[in-house]
Every structure is written in C-alpha cells, then in structure tokens.
Visitor: 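Take a look at the following structure, please.
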Protein chains: 2
Amino acid sequence: MPNNQFRRGELYSFITGVASTALARRLQKNFKQDGVDITIEQWSVLYHLWKQDGQSQQDLCNATFRDKPSITRLLDNLEKQKLVRRVASKEDRRMNLIYVTETGRRLQDPTHELANQTLNEALEGVPQADIELCKAVLQRVYDNLK
Amino acid sequence: MPNNQFRRGELYSFITGVASTALARRLQKNFKQDGVDITIEQWSVLYHLWKQDGQSQQDLCNATFRDKPSITRLLDNLEKQKLVRRVASKEDRRMNLIYVTETGRRLQDPTHELANQTLNEALEGVPQADIELCKAVLQRVYDNLK
DNA sequence: GGCATATTGTTAGTTATGCAACTAATTCGA
DNA sequence: TCGAATTAGTTGCATAACTAACAATATGCC
C-alpha cells in the first residue's frame with residue numbers, strides 16, 4: 001500500500017480542517033456583515049440554549065463537544081455581553097443553570113436565517129443523500145473515538 | 001419545511017466540530033503518550049514539509065488552509081523547538097523558505113505511524129467508498145465557500 | 001454519622017485562530 | 001523610470017482550545 005501514510009495525513013486534514021474552517025469563517029463573516037456581534041462559538045452555545053433553556057454547563061459540554069473550561073469561558077463572555085445568565089440550581093448547588101436573556105433571544109431568528117443561507121451555499125450541488133451519508137461517517141468517527 | 005433551521009444548525013456543528021475535535025484530541029493524546037512533543041497543528045505543518053522541503057510560508061498557508069499570521073506563529077514555535085529553519089530566499093527577498101532540521105526529520109516515521117493507527121481506529125467500520133464520498137462532500141463545501 | 005469517591009465548575013498556563021494594520025520587497029503600467 | 005498596486009511576512013488584540021490542578025458540593029458505602 002504505497003504512500004498510505006500520506007493519504008491518511010490528507011484525510012486527517014480534511015476531517016479536521018478544510019471544510020470546517022472555511023465554513024466557520026464564512027459564517028462569522030456573514031454574522032459580522034449583518035451586524036450580529038457574536039462569535040460562531042458563542043452562537044453554537046446559544047443554539048443549544050434556544051432549543052432548551054436552563055441547561056447546566058455540563059449539558060452544554062455534552063451538546064457542543066467541548067470541555068468544561070471552554071464552556072466556562074464561553075459563558076463568561078456571553079454573560080459579559082448580557083446574552084445569558086448563570087443561575088445557581090436550588091436542587092444541586094454545584095450546578096449553574098444557564099438561561100438566555102431577552103437580548104440573547106432576539107438573536108435567534110436572524111442567526112438561524114444566516115446559518116441556513118450559509119449552509120445552503122456551502123452545500124450547493126451536494127445531494128441530500130450524500131449529506132446524510134457524510135454526517136453518518138462523521139458521527140461514526142466521533143463514536144469510534146469518544 | 002419544519003425545523004429546517006435546527007437541522008442546519010446540527011449539520012453545521014457536525015461539519016465544524018464533532019468528528020474533528022474528537023480526532024484531533026485523540027491524535028494529540030497518542031502523540032503525547034508516545035513521547036512525541038508537538039501539537040497536531042505543528043504536525044500538520046511538518047507533514048507538508050516532509051513531503052516537500054523548502055516551501056515558502058505562503059505555500060504552507062495554501063497547503064494547510066491557514067492564514068498568514070497562523071503560519072508565522074506556528075513556525076515561530078517550530079523554530080524555537082529547532083524542528084525547522086527559516087532561510088531567506090535569494091531570488092525573492094520577501095520570502096522565507098522553510099526547511100526541516102535533522103531533529104524535525106526524525107519525527108516523520110513515528111508520527112506517520114501514530115496518525116495511521118489513529119485514523120484506522122477512527123474509521124473502523126466505515127467502508128472505503130463512504131470515506132471517499134465524505135471527503136468529496138467536504139471538498140465541495142470548501143470549494144463552494146473559498 | 002463520617003470518610004472516600006465522584007461530580008460540577010473555576011483558574012492558570014500554553015498554544016492556536018481570525019482580523020486589521022503594518023513593513024519591506026517586487027511588479028506593473030503610464 | 002517612477003509611482004501605484006501587489007505580494008510576503010510580522011505584530012497587536014481579542015477569542016477560544018486543551019491540560020492540569022483546584023474548590024465546593026453531592027453521593028455512597030461502612
């Protein structure tokens with residue numbers, strides 16, 4: 001199997017880099033152009049809170065595949081911008097429950113719009129079936145490693 | 001099209017996050033366990049230099065899909081660790097040509113080994129045809145956006 | 001009840017990323 | 001040929017990632 005190692009390296013860079021950085025960069029740019037002043041990382045956290053409010057930080061770690069310090073700091077910044085609030089849980093005082101503020105809620109519709117547009121652009125010409133298969137492969141990679 | 005926005009958001013997080021962070025983290029861990037003291041980002045640069053020595057920083061930007069400041073700083077760190085050398089080009093004095101040192105060269109075989117093992121583990125149970133298709137989708141996403 | 005263990009979140013330190021603004025060298029066109 | 005535009009690389013600033021070590025709270029077992 002000649003040059004197997006090189007093909008692996010290229011595959012690695014595809015999975016970890018090419019598409020994701022291009023997509024992230026484009027979405028960030030579209031946010032900025034539209035006057036939406038959050039990072040895509042912040043958006044990826046808000047996204048899960050819009051779906052369900054009052055999650056713990058650990059819940060957000062699981063949902064966004066980040067570690068705890070990353071979530072701590074993302075929430076620090078989101079709190080600074082008054083987009084979310086940390087509320088200590090009454091049942092378990094170790095936990096913070098995270099709630100979206102009114103300001104944070106107002107970002108939901110415009111950013112969903114932008115994300116849809118950007119994803120549609122990114123996936124133009126890709127059949128739905130291929131998208132599903134690609135997603136399944138990435139899920140499998142994740143499951144194999146987690 | 002109900003909940004289209006949520007499906008897009010999940011797709012986004014798949015493309016940009018799930019598999020790539022898991023894979024990067026695992027590879028970094030395997031490097032560390034084997035006493036290979038470089039980050040995966042440094043590895044991704046060395047990988048291209050092992051294939052072809054003496055590339056310019058701009059070449060490395062194109063090969064690794066990073067911007068110029070990122071490459072500047074990755075090379076700063078790689079130079080500090082004496083894994084590469086910057087040599088000013090004689091033809092065009094704006095350019096640095098990057099060469100792998102003997103120390104850097106010695107990392108090639110063990111890291112290729114580790115990358116292969118990790119990728120094989122990550123892709124276990126995924127048919128080769130699906131891998132190719134997934135790669136093609138990601139390439140298409142990149143081409144659509146670049 | 002009390003102590004070992006696990007869980008939740010924070011802090012510190014290093015590396016990396018993106019954008020914007022900058023310097024220096026080269027190229028191109030009037 | 002000379003000045004504008006382009007290209008290669010660097011620096012400053014803000015945000016984010018991972019690891020390791022830590023504090024506080026909760027759980028479970030004797």
Visitor: When the distance from NZ of B:K68 to C1' of C:dT23 is rounded to whole Å, what number comes out?
Guide: 11 Å
Visitor: Across the strands shown, which category fits A:K32 at heavy-atom distances under 4.0 angstrom: base, sugar-phosphate, nothing?
Guide: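 Contact class for A:K32: sugar-phosphate only.
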Visitor: In chain order, what residues pass the side-chain contact (heavy atoms from CB on, under 4.5 Å) check against A:Q117, with sequence neighbours excluded?
Guide: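 A:E113, A:L114.
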Visitor: Rounded to the nearest angstrom, tell me the gap between atom CD in B:E41 and atom P in C:dT14.
Guide: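 About 17 Å, once rounded to whole Å.
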Visitor: Starting from P on C:dA20, measure out to CD on A:Q28 and report it in whole angstrom.
Guide: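 Those two atoms, CD and P, are 11 Å apart.
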Visitor: Show me the pairs that pass salt bridge (Lys or Arg N to Asp or Glu O under 4.0 Å) and involve residues 91-100 of chain A, at least two apart or across chains.
Guide: A:D92-A:R94
Visitor: Give, for atom CG of A:L78 and atom CG of A:L46, the distance between the pair rounded to the nearest 0.5 Å.
Guide: 5.0 Å
Visitor: Select from B:K29 and A:Q42 the residue whose nearest nucleotide in DNA chain D is closer to the 5' end of that strand.
Guide: A:Q42
Visitor: Below 4.0 angstrom from OP1 or OP2 of C:dA16, is there any side-chain N or O of B:T39?
Guide: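 Yes.
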Visitor: Once salt bridge (charged side-chain N to carboxylate O under 4.0 Å, His left out) is applied, do any residues pair with A:E79, and if so which ones, sequence neighbours excluded?
Guide: A:R86
Visitor: Once side-chain contact (heavy atoms from CB on, under 4.5 Å) is applied, do any residues pair with B:R26, and if so which ones, sequence neighbours excluded?
Guide: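 With neighbours one apart ignored, the set is A:L145, B:N30, B:T118, B:E121.
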Visitor: Hey, does B:W43 have a side-chain heavy atom less than 4.5 Å from the side chain of B:L27?
Guide: yes
Visitor: Which nucleotide span of DNA chain D, 5' end to 3' end, has atoms closer than 4.0 Å to non-hydrogen atoms of chain A?
Guide: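 The footprint of chain A covers D:dT15 to D:dA26.
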Visitor: By side-chain contact (heavy atoms from CB on, under 4.5 Å), which residues pair with A:S56, not counting sequence neighbours?
Guide: A:Q58, A:D59, A:M95, A:L97
Visitor: Contact list please: residues 87-94 of chain B against DNA chain D, heavy atoms, distance less than 4.0 Å, in numerical order.
Guide: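 Output list: B:R94.
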Visitor: B:D37 has an atom CG; how far is it from atom C1' of C:dT14, in whole Å?
Guide: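 Roughly 12 Å, once rounded to whole Å.
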Visitor: Identify, with sequence neighbours excluded, every residue that meets salt bridge (charged side-chain N to carboxylate O under 4.0 Å, His left out) alongside B:R85.
Guide: none
Visitor: Taking atom P of C:dT23 as reference, at what distance in whole Å does atom CG of B:N96 sit?
Guide: 19 Å
Visitor: Please state how far atom CE in B:M95 lies from atom C1' in C:dT27, giving the value in whole angstrom units.
Guide: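 B:M95 atom CE is separated from C:dT27 atom C1' by 14 Å.
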Visitor: Would you kindly give the CG-to-C1' distance between A:L23 and C:dT17, to the nearest whole Å?
Guide: 16 Å
Visitor: Residues in salt bridge (charged side-chain N to carboxylate O under 4.0 Å, His left out) with B:R105, at least two apart?
Guide: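 Per chain and number, B:R105 pairs via salt bridge (charged side-chain N to carboxylate O under 4.0 Å, His left out) with B:D53.
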Visitor: Test: salt bridge (Lys or Arg N to Asp or Glu O under 4.0 Å). Region: residues 29-43 of chain A. Which pairs qualify, not counting sequence neighbours?
Guide: none
Visitor: Just to be sure I understand the geometry, which residues of residues 71-79 of chain B put a non-hydrogen atom under 4.0 Å away from DNA chain C?
Guide: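 Those residues whose heavy atoms fall under 4.0 Å from DNA chain C, taken from residues 71-79 of chain B in numerical order, are B:R73, B:L74, B:N77.
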Visitor: Which residues pass the side-chain contact (heavy atoms from CB on, under 4.5 Å) test with B:P110, sequence neighbours left out?
Guide: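 If we apply the side-chain contact (heavy atoms from CB on, under 4.5 Å) test to B:P110, skipping adjacent residues, there are no hits.
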Visitor: Could you tell me how far apart A:R26 (CZ) and C:dT17 (C1') are, to the nearest whole angstrom?
Guide: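 The answer, rounded to whole Å, is 18 Å.
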